[in-house]
Amino acid sequence: MNLDLFASLFATLASPALALVGPGRAPAPLAHTYSIVARDPKTGEMGVAVQSHYFSVGPIVPWAEAGVGAVATQSLVLVDYGPKGLELMKKGLTAKQALDQLLKADSTHDGRQVAMVDAKGNVAAYTGPSCIPDAGDVQGDQFSCQANLMSHPTIWPAMKAAYEKAQGDLAERLMQALEAADKAGGDIRGRQSAAIVVVKGEKGANPWDNVVVNLRVEDHDHPLVELRRLLRLRRAYNLEDQGDAFTTAKKSAEAAQAYAEAMKLAPDVVELQFWAASTMYQNGKKPEALALFKQVFAREARWVPLIERLAKVGLFPNDPKAIAEVQAQATKGAPW
């Protein structure tokens, strides 16, 4: 056998990242994976969730835009399907019309796997004949599950069943679909990265307010476990923000409930407790705030001197008595 040819062939097959997609075309990522695209009929939210044995799948596979739709582009990836699919749906094309148009323009589409959902809940999916088996897709009410290079062909049906049975918001149901695929056997190569993106059903005036969830796990032995942890933290910080908003609006009962739920979701995050205590202290909830400060300082004394720094920039009362009262909650003798 020609050793140079063998070496070249081995280098191509051994590369986990790139593959040639046709004469004159640039290399494309090999994001063999499983994913789900969906629209929530109740809220209008749309999203994509994905897991793959591929480094940093988040920037490659999932695409979503508020008021427009969501796209998953995978297998022998042509990333163009993501942004161009959204652009076409934004112009008024349905998910199927957008996908059909892009497939027609793609001369090497046999290795693609793409799914789309538009803002009206229309769904379209394509699994090319050159996708590495096991590969396939299945649709339900306003969602599509798709996978390639799987351990066996029960993966995408398992995702569909899990999504349809799941309770909670869209992010939670997408997450449960991924977990079902993993439990059923998942990618035949194993696990590496994961991502979840959820956007609002209608586009608001501020683009930064249109994203509900945008989380990525770039490289991890158990990416879905880590993604689940990050989703829990996202919810906790959202509740903390709600608590601050309620406090500003003088809705103390609602604020207390939001803070309590945030701390329950993420009891390991001391910072959430610190900011909750600071906000409560400044809004007439001093006894509760001081008790919480005491817990914070007992766990991490590094937060004690931050009170003075906040006071200097107007984020805490610039009152020596108030500062001393809070810092007195620190454990005596603790370095800070």
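Starting from 1, each residue takes its place in the sequence as its number.
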Salt bridge (charged side-chain N to carboxylate O under 4.0 Å, His left out) involving D40 - partner list, sequence neighbours excluded: R173

No-hydrogen, no-angle side-chain donor-acceptor test under 3.5 Å, Q113 and S75: no

Criterion side-chain contact (heavy atoms from CB on, under 4.5 Å) against P62, the qualifying member of V71, V198, V197: V197

Carboxylate-amine/guanidinium contact E261 R235, below 4.0 Å: no

Ion pair E164/K160, N-O distance below 4.0 Å: yes

Interatomic distance, Q176 atom CD to K183 atom NZ [nearest 0.5 angstrom]: 11.0 Å

Over 12 foreign heavy atoms within 6.0 Å of NE2, H222: no

Parallel, tilted or perpendicular: rings of Y163 and F143 (30°, 60°): tilted

Any side-chain heavy-atom pair of V296 and E271 under 4.5 Å: no

Salt bridge present between K90 and D118 (N-O < 4.0 angstrom): no

Basic-acidic side-chain contact under 4.0 Å: R39, D141: no

Flag for D137-Y126: side-chain donor and acceptor within less than 3.5 Å: no

E87 bridged to K91 by N-O distance under 4.0 Å: yes

Sole candidate of R234, R228, E226 that passes side-chain contact (heavy atoms from CB on, under 4.5 Å) when paired with L230: E226

Nearest heavy-atom neighbours spanning W303 and E300: NE1-OE1, 2.9 Å

S252 side chain to E254 side chain, donor-acceptor N/O pair below 3.5 angstrom: no

Parallel, tilted or perpendicular: ring planes of F297 versus F274, cut at 30 and 60 degrees: tilted

Modelled atom types, side-chain donor and acceptor of E308 and Q327, under 3.5 Å: yes

Under 3.5 Å side-chain donor-acceptor pair for E325 and Y281: yes

Member of Q192, R189, Q74 meeting the side-chain contact (heavy atoms from CB on, under 4.5 Å) criterion with S52: R189

Worked check of side chain to side chain donor-acceptor pair (under 3.5 Å) between S35 and Q146: CA-CA 6 Å; S35 69; Q146 45 283 329; 2.9 Å; yes

Sub-4.5 Å side-chain heavy-atom contact between L76 and H109: no

Verdict with supporting geometry, D244 and Y259, side chain to side chain donor-acceptor pair (under 3.5 Å): CA-CA 8 Å; D244 290 346; Y259 289 140; 2.6 Å; yes

NZ/NE/NH1/NH2 to OD/OE distance under 4.0 Å, D106 and R112: yes

Test item: V212 and E45 side chains (from C-beta on) under 4.5 Å apart, heavy atoms: yes

Exceeds 12 heavy-atom contacts within 6.0 angstrom, atom NZ of K203: yes

Over 12 foreign heavy atoms within 6.0 Å of CZ, R302: no

Donor on one side chain, acceptor on other, Q101 and Q97, under 3.5 Å: no

